[in-house]
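Start at 1 and go down the list; that is how both ligands and their atoms are numbered.
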Amino acid sequence: MQKSIAIIGGLGHVGLPLGLALAKVGHLVCLVDINQHAVNMVNNKELPFLEEGALDILKEVIGKNLRANTNRNALKEADIVFFVTGTPVDEHHNPRIQDVVKVIEDYLPYLRKEMLIILRSTVYPGVIELIDNLLKEHFSCSSSPITASAPTSPIKLAFCPERIVQGKGIEEIFQLPQIVSATSQEAEEEAATLFSTVAPKIIRLKPKEAEVAKLMTNAWRYIEFAIANQFYMITESQELDFYRIFNAVRDDYPRAQHFPRPGLAAGPCLFKDTMQLSAFHKNNFFLGQSAMLVNEGLPVFLVDQMEKKLGGVGQLKGKKIAILGMSFKANNDDTRESLAFKVKKILKIKMATPLITDSYLKDKDNLPLASALEIADGIILGVPHKEYLSLKISKPYVDCWGVWK
Ligand SMILES: NC(=O)c1ccc[n+]([C@@H]2O[C@H](COP(=O)([O-])OP(=O)(O)OC[C@H]3O[C@@H](n4cnc5c(N)ncnc54)[C@H](O)[C@@H]3O)[C@@H](O)[C@H]2O)c1
């Protein structure tokens, strides 16, 4: 059955793929966002960022059952309202819970009690209960605990976390099971029915279980990358060739097929969600904290490797070092929290001149690839965009991704 859906934060990396997927299956979707530029782009059939498969759907649905708007009055017609704004951590790596609460407070005058409200952002455990209470107060409902075996809130609030991989959101929304949790049975049923129109399978949890499940999903991935990065640093610092060992370990050995390659493990989610899980466990998440030390230490290691290749300590001074790829993942234009910028910063501290080049980046300092390769004294592969895979590099280089071997 067609639903009228508003998505707050609908022009973001999670909101837009979700809106497109829901419009594709026939729902009436309004993307509500404060980013006027992105709203204009989408209404003009343009994407504000790269997302596989998104443009074709956008062209098919915009102006029909999909629209984008900065006007909050767009919520008035909605049966279902999603919140998908950012949920960062602060400078002490603690969750900024007030950010998500503030957005909901801002929209309270536009919400109606009979609406299904779905949180899609990744939130710190307990936030759904907090928001449930906020909504109960707003709608003057009596309070009841949501941790009871049958959820009984008078509010229709669901938490359905997003687990897509950036850039492939559309494909994954239709492929991945969807975790559904809610503070009332009615909300759980309605959310499950809605997601059944896009997801192949629904997995039901209680709200706090779902909050932790999402954080565990990202912390798991972050730790996996840290293992690969740690092994890379152990082997390479002993002058061993990591990839000879890595390939041998994986060769026809079933239990190592899942072993990721080393690389700058960054982006807006993995680090901060690992820190949220750590904060949840009173900072006693040693594996998560260690993963952070390893992953955040890799840029320093890569710059040290470059320095060694140029002749040793002090040899970076005055050298031009090209960083190929500044986004946080391959074939994507998203540079949020990318560790390639940390590489750039460390090079500057070593008095080298970093040259940045990225086929997907719109930045005044971005050099064409050919010029960067020509004038650089050394090259560090920041991220393996497809344009870099077949390059023949004739200068000293550092490639922890193992694509130029
Ligand atoms: N990026 C991912 O791959 C990914 C995957 C799973 C979960 N998440 C989670 O999803 C949430 C959103 O992440 P994102 O990457 O989409 O962030 P984003 O920054 O790309 O998108 C957030 C959007 O919200 C908009 N916004 C901010 N305040 C607003 C307001 N008051 N009203 C309307 N719009 C507002 C912004 O303009 C932006 O378009 C986070 O909790 C994140 O952890 C992200």
Quick check: H13 and ligand 1, any N/O pair under 3.5 Å apart?
yes
Ring pair (Phe, Tyr, Trp, His ring centres under 6.0 Å) test vs F242 passes for just one of Y232, F259, F301, W401, namely Y232
Can you name the one residue among E114, E190, E188, E189 that meets salt bridge (charged side-chain N to carboxylate O under 4.0 Å, His left out) with K156?
E190
With respect to K214, determine whether any N or O atom, backbone or side chain, lies less than 3.5 Å from an N or O atom of ligand 1.
no
Nearest-contact summary for atom 13 (O) of ligand 1 - protein heavy atom, Å:
V14 CG2, 4.1 Å
Atom 21 (O) of ligand 1 - nearest protein heavy atom and its distance
G12 CA, 3.2 Å
Give the residue, atom name and distance (to 0.1 Å) of the protein heavy atom nearest atom 33 (C) of ligand 1.
Y107 OH, 3.1 Å
What protein heavy atom is closest to atom 3 (O) of ligand 1, reported as residue, atom name and distance in Å?
Q166 OE1, 3.0 Å
Do Y360 and D334 come close enough that some side-chain heavy atom pair is under 4.5 Å?
no
side-chain hydrogen bond (donor to acceptor under 3.5 Å, both in side chains) between S278 and Q289: does it pass, once the steps are laid out?
CA-CA 7 Å; S278 180; Q289 296 287 353; 2.7 Å; yes
Would D33 count as a polar contact of ligand 1, with the cut-off being nitrogen or oxygen pairs under 3.5 Å?
yes
Taking the six-membered ring of Y110, is the NZ or CZ of K76 close enough (under 6.0 Å from the centre) and on axis enough (within 45°)?
no
Run through T183, L157, I131, I155 and flag the one making a side-chain contact (heavy atoms from CB on, under 4.5 Å) with K136.
I155
Got the closest protein heavy atom to atom 40 (C) of ligand 1, with its distance?
T87 OG1, 3.5 Å
Side chain, backbone, both or neither: which part of C269 has a heavy atom under 4.0 Å from ligand 1?
side chain
Over 60° means perpendicular and under 30° means parallel, so classify the ring planes of Y243 and F246, tilted if in between.
perpendicular
Test your reading of the structure: does V165 have an N or O sitting under 3.5 Å from an N or O of ligand 1?
no
The closest protein heavy-atom partner of atom 26 (N) of ligand 1 is T85 CG2, 3.6 Å
When distances are taken from atom 28 (N) of ligand 1, the protein heavy atom at minimum range is I34 CD1, 3.5 Å
K272 N/O to ligand 1 N/O under 3.5 Å
yes
Answer yes or no on whether R72 is positioned over the face of Y107, meaning its NZ or CZ is under 6.0 Å from the six-membered ring centre and within 45° of the axis.
yes
Just to confirm my output: which protein heavy-atom neighbour is closest to atom 17 (O) of ligand 1, and how far is it?
R336 NH1, 3.4 Å
